[in-house]
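This structure is a prediction, so every number in the text was calculated from the model and none was measured. Protein chains get the first letters and strands the later ones, always in sequence-line order, with residue 1 at the start of each.
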Amino acid sequence: MPPTDPRDAASIIREVSEPLAAIVGNAQAGHRTGLAAGVDAELLDILSDIARDGKRAGELMKRLEALLEKR
Amino acid sequence: MIVHVVDDDASVRSAIRRLLRSAGYSVKTSESAQSYLDEASPHTPGCVVLDLRMPGMDGLMLQERMAELGLTAPIVFVTAHGDVSASVRAMKQGAVDFLEKPFESQDLLAAVERAFERDVKLRERIDATNWTQAGLQRLTPREYEVLTYVIGGAVNKVIARWLGVSEKTIKVHRGRVMKKMGAGSLADLVRMADRFGIEPLKPQDSRGVV
């Protein structure tokens with residue numbers, strides 16, 4: 001995404017979705033890779049949790065975005 | 001077959017690359033639409049995972065440019081923002097899917113799978129068309145004539161009588177036509193002929209009653 005105008009809350013919200021997408025993507029990629037490599041189940045759980053909470057943060061961002069659009 | 005990831009964010013590019021590789025795909029990445037165009041070829045099977053908003057040429061513009069250039073790789077869009085009008089346009093212009101970040105990896109992988117299936121089907125159709133076209137050009141005038149009667153529904157006996165040759169000769173011509181055109185059946189032949197605008201004829205058309 002192009003760099004944001006710091007005064008523009010909506011564009012910051014949009015930009016936050018990039019590291020969130022990377023967090024969820026990396027965690028789920030790690031899970032798949034780890035599963036294939038037979039790593040400890042605990043590690044797989046950790047990665048699942050990271051992905052889950054990354055998605056949760058994404059949902060919160062969507063709600064914030066919707067609130068901003070209403071103004 | 002290659003998935004080409006086009007996104008200006010380095011973290012997202014890297015994460016998507018890792019995800020796709022963990023699912024067994026070969027991956028290339030580009031940080032801009034232009035750098036994708038510099039590398040892309042219509043001959044490379046595969047698909048594209050494309051960010052909607054990028055500086056310079058954005059995802060929708062790249063989609064249009066690809067269509068102009070005959071780059072047929074099916075596209076899965078990813079976007080930071082639920083831009084409804086952009087998603088509608090992307091889908092109307094032929095995108096496979098449109099996902100919002102952060103997306104569920106299963107959704108991306110499923111979309112990439114569908115994109116590959118679409119690419120395979122498209123290439124099979126293009127190959128089939130090229131094959132048929134080449135075959136048509138290799139028909140002798142007599143084989144071409146037999147083709148027009150065959151797709152018009154005439155049986156070998158009638159064609160043979162009309163042309164004043166043996167039924168066996170017609171069978172041989174017919175076999176050569178099927179082989180050169182790559183047709184597995186009469187229905188195939190009719191379909192191919194129709195695609196190329198070849199008019200079916202009855203043996204009495206040009207010269208009178210059989």
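In this structure, B:Arg191 does not pair ionically with B:Asp194, as no charged nitrogen and carboxylate oxygen lie closer than 4.0 Å. Between B:Glu124 and B:Lys121 there is no salt bridge, since none of the side-chain N atoms of the basic residue sits less than 4.0 Å from a carboxylate O of the acidic one.
With 3.5 Å as the limit, one finds a donor-acceptor pair spanning the side chains of B:His4 and B:Ser30.
Contact count versus chain A (heavy atoms, under 4.5 Å) is highest, among B:Gly56, B:Ala23, B:Ser14, for B:Ala23.
Heavy atoms of B:Glu100 lying under 4.5 Å from chain A belong exclusively to its side chain. Neither the backbone nor the side chain of B:Leu99 comes within contact range of chain A; no heavy atoms are under 4.5 Å apart. Contacts between A:Glu65 and chain B at a heavy-atom distance below 4.5 Å involve the side chain alone, from C-beta outward.
Separating the CE atom in B:Met181 from the CG atom in B:Leu189 is a distance of 5.5 Å, to the nearest 0.5 Å.
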